[in-house]
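Have a look at the structure below before the remarks.
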There are 2 protein chains.
Amino acid sequence: MADPAHKDAPCMPCSVEATLNLIDGKWKIVILYKLLKGTLRFNEIRRLLPGVTQRMLTNQLRELEADGLITRTVYAQVPPRVEYNLSELGRSLEPILMAMKAWGDANLNRSLPAAEAA
Amino acid sequence: MADPAHKDAPCMPCSVEATLNLIDGKWKIVILYKLLKGTLRFNEIRRLLPGVTQRMLTNQLRELEADGLITRTVYAQVPPRVEYNLSELGRSLEPILMAMKAWGDANLNRSLPAAEAA
DNA sequence: CATCACGGTATCCTTTTCGACACTATGTGC
DNA sequence: GCACATAGTGTCGAAAAGGATACCGTGATG
């Protein structure tokens, strides 16, 4: 049964899978994508992502920070000001993010997905 | 007007998000990645992904099929034979998959290319 | 006859995820 | 005095994702 083409590895380290684990939150990719364009504050991100709750946003942001993908800068001002930026590592995800955007634009931008054909 | 760079849209169609929705299963990306190399049968995939159960695999495969990313070919043989392939659409995800692999290799491959079981 | 392999299904259960809502602290505006 | 805005935190509970296990039909194998 030897099938050399498929013998790459029964259980490779799976960089793909590992990468996936860093960005498995539904919002993470989008957050990173938005952050690609520059610094954003907490509420700016929130307004950019309708449907996300503070709790979720905080959570995702914290995980991204813990994974070293973004940086969080707190200014000790009276109306609290917190700025989020991509880290070097986060910025290096740009090819992936852009590839996703390009794919989405090319493949499901035709007429907007929402097809519920049951 | 501050920052035109951020004025892209408060709620763009989000190709990124939409793309993400197609591949949000933990195993989907990996399945697609494996399938890049060619046709695989059900149990071949299963063996390639230790830790996935039949139920999960079936599930993910069905979703991928429903999303038009893979094709499923059933041969009416006595030991049932089912082959999975990437569709055109699925194959067009290659840049994303490869970008993920490249990123993973570059950023978290520091010391784990062992994993040679069997 | 019993078992195995194939490609699943079905059922049950645990874990994780996610949403809603309330609460904090503080300086400003009304 | 009160509400508002910022940037969160905490708790509760529902929903979903995912895992474990058992079962199916059949034909070849032992």
Side-chain angles (χ1 to χ4, degrees), chain A residues 1-3 6 10-11 14 16-18 20-32 34-35 38-67 70-85 116, chain B residues 2-3 6 10-11 14 17 20-32 34-35 39-67 70-85 118:
Chain A
M1 321 297 208
D3 220 357
H6 289 159
C11 165
C14 270
V16 178
E17 193 176 349
L20 205 56
N21 273 336
L22 289 185
I23 54 181
D24 64 348
K26 192 170 45 179
W27 303 102
K28 284 190 190 172
I29 292 271
V30 188
I31 294 172
L32 291 170
K34 299 290 186 190
L35 242 21
T39 301
L40 287 174
R41 299 177 54 176
F42 185 85
N43 273 357
E44 284 178 326
I45 300 177
R46 188 141 79 102
R47 277 189 282 267
L48 247 29
L49 308 182
V52 73
T53 57
Q54 281 119 320
R55 202 182 74 85
M56 268 322 294
L57 187 52
T58 304
N59 217 311
Q60 303 278 290
L61 252 12
R62 291 298 144 105
E63 285 185 29
L64 288 170
E65 192 195 2
D67 288 335
I70 63 171
T71 59
R72 179 166 173 270
T73 313
V74 184
Y75 297 88
Q77 301 179 355
V78 148
R81 173 190 205 102
V82 180
E83 289 186 349
Y84 291 94
N85 272 289
E116 253 79 41
Chain B
D3 237 355
H6 287 160
C11 168
C14 271
E17 193 176 349
L20 206 55
N21 273 335
L22 289 184
I23 54 181
D24 63 350
K26 193 170 43 178
W27 303 102
K28 284 190 192 173
I29 293 272
V30 188
I31 293 172
L32 291 170
K34 299 291 184 187
L35 242 21
T39 302
L40 287 173
R41 298 177 55 176
F42 186 85
N43 274 356
E44 285 178 325
I45 300 177
R46 188 142 78 103
R47 277 188 284 266
L48 247 30
L49 308 181
V52 74
T53 56
Q54 283 116 321
R55 198 181 77 85
M56 270 321 295
L57 187 51
T58 303
N59 217 310
Q60 303 279 289
L61 253 9
R62 291 299 145 104
E63 286 185 29
L64 288 170
E65 193 195 359
D67 287 335
I70 63 172
T71 59
R72 180 166 172 271
T73 313
V74 182
Y75 296 88
Q77 299 179 354
V78 146
R81 172 190 206 104
V82 181
E83 288 185 350
Y84 292 94
N85 273 288

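Residue numbers start from 1 in every chain, and the chains themselves are labelled A, B, ... in the order their sequence lines are given, proteins ahead of strands.
Picking from C:dC18, D:dG8, C:dG7 the nucleotide with the shortest atom distance to the side chain of A:Met56 gives C:dC18. The side chain of B:Arg72 has C:dG8 as its nearest neighbour among C:dG8, D:dG18, D:dG8. With distances taken from any side-chain atom of A:Phe42 to the nucleotides D:dG25, D:dA7, C:dG8, the minimum falls on D:dA7. Looking at the side chain of B:Trp27, the nearest of the listed nucleotides D:dG19, D:dA7, C:dT9 is D:dG19. When distances are taken from the side chain of A:Arg47 to each of C:dC6, D:dG19, D:dT6, the shortest belongs to D:dT6. Closest to the side chain of B:Lys26, out of D:dA7, C:dG19, D:dG19, is D:dG19. The nucleotide whose nearest atom lies closest to any side-chain atom of B:Thr53 is, among C:dG7, D:dG8, D:dG19, D:dG19.
If you take CZ of B:Arg55 and P of C:dT14, they are 15 Å apart, rounded to a whole angstrom. Distance, B:Arg62 CZ to C:dA10 P: 10 Å, rounded to whole Å. Per the geometry, CG belonging to B:Asn43 stands 8 Å off C1' belonging to C:dA5, to the nearest Å. Per the geometry, CG belonging to B:Leu57 stands 10 Å off C1' belonging to C:dG7, to the nearest Å. Remark: C1' of D:dA16 and CG of B:Asn21 are 14 Å apart, rounded to the nearest angstrom. As rounded to whole Å, 9 Å separates atom C1' of D:dA7 from atom CZ of A:Arg46. The separation between A:Leu49 atom CG and C:dC18 atom P is 13 Å, rounded to whole Å. Taking atom OH of residue A:Tyr75 and atom C1' of nucleotide D:dT6, one finds them 15 Å apart after rounding to whole Å.
When the nearest nucleotides of DNA chain D are assigned to B:Gln60 and A:Asn59 by heavy-atom distance, the more 5′-ward of the two goes with A:Asn59.
Using a 4.0 Å heavy-atom cutoff across all strands shown, B:Pro79 reaches no nucleic acid atom at all. Backbone-only contact: A:Arg81 has heavy atoms under 4.0 Å from sugar-phosphate atoms and none from a base. Counting any heavy atom pair closer than 4.0 Å across all strands shown, B:Tyr84 reaches sugar-phosphate atoms only and no base atom.
Checked options B:Thr71, B:Leu22, B:Leu32; the residue passing with B:Leu64 is B:Leu32 (criterion: side chain to side chain contact (heavy atoms under 4.5 Å, CB included)).
Residue A:Ile45 holds its CD1 atom at 10.5 Å from CD of A:Glu83, rounded to the nearest 0.5 Å. The line from NZ of A:Lys28 to CG of A:Leu61 is 10.5 Å long, rounded to the nearest 0.5 Å. Considering CZ of B:Arg46 and OG1 of B:Thr53, their distance stands at 8.5 Å, rounded to 0.5 Å. Rounded to the nearest 0.5 angstrom, A:Ile31 CD1 and A:Leu40 CG are separated by 10.0 Å.
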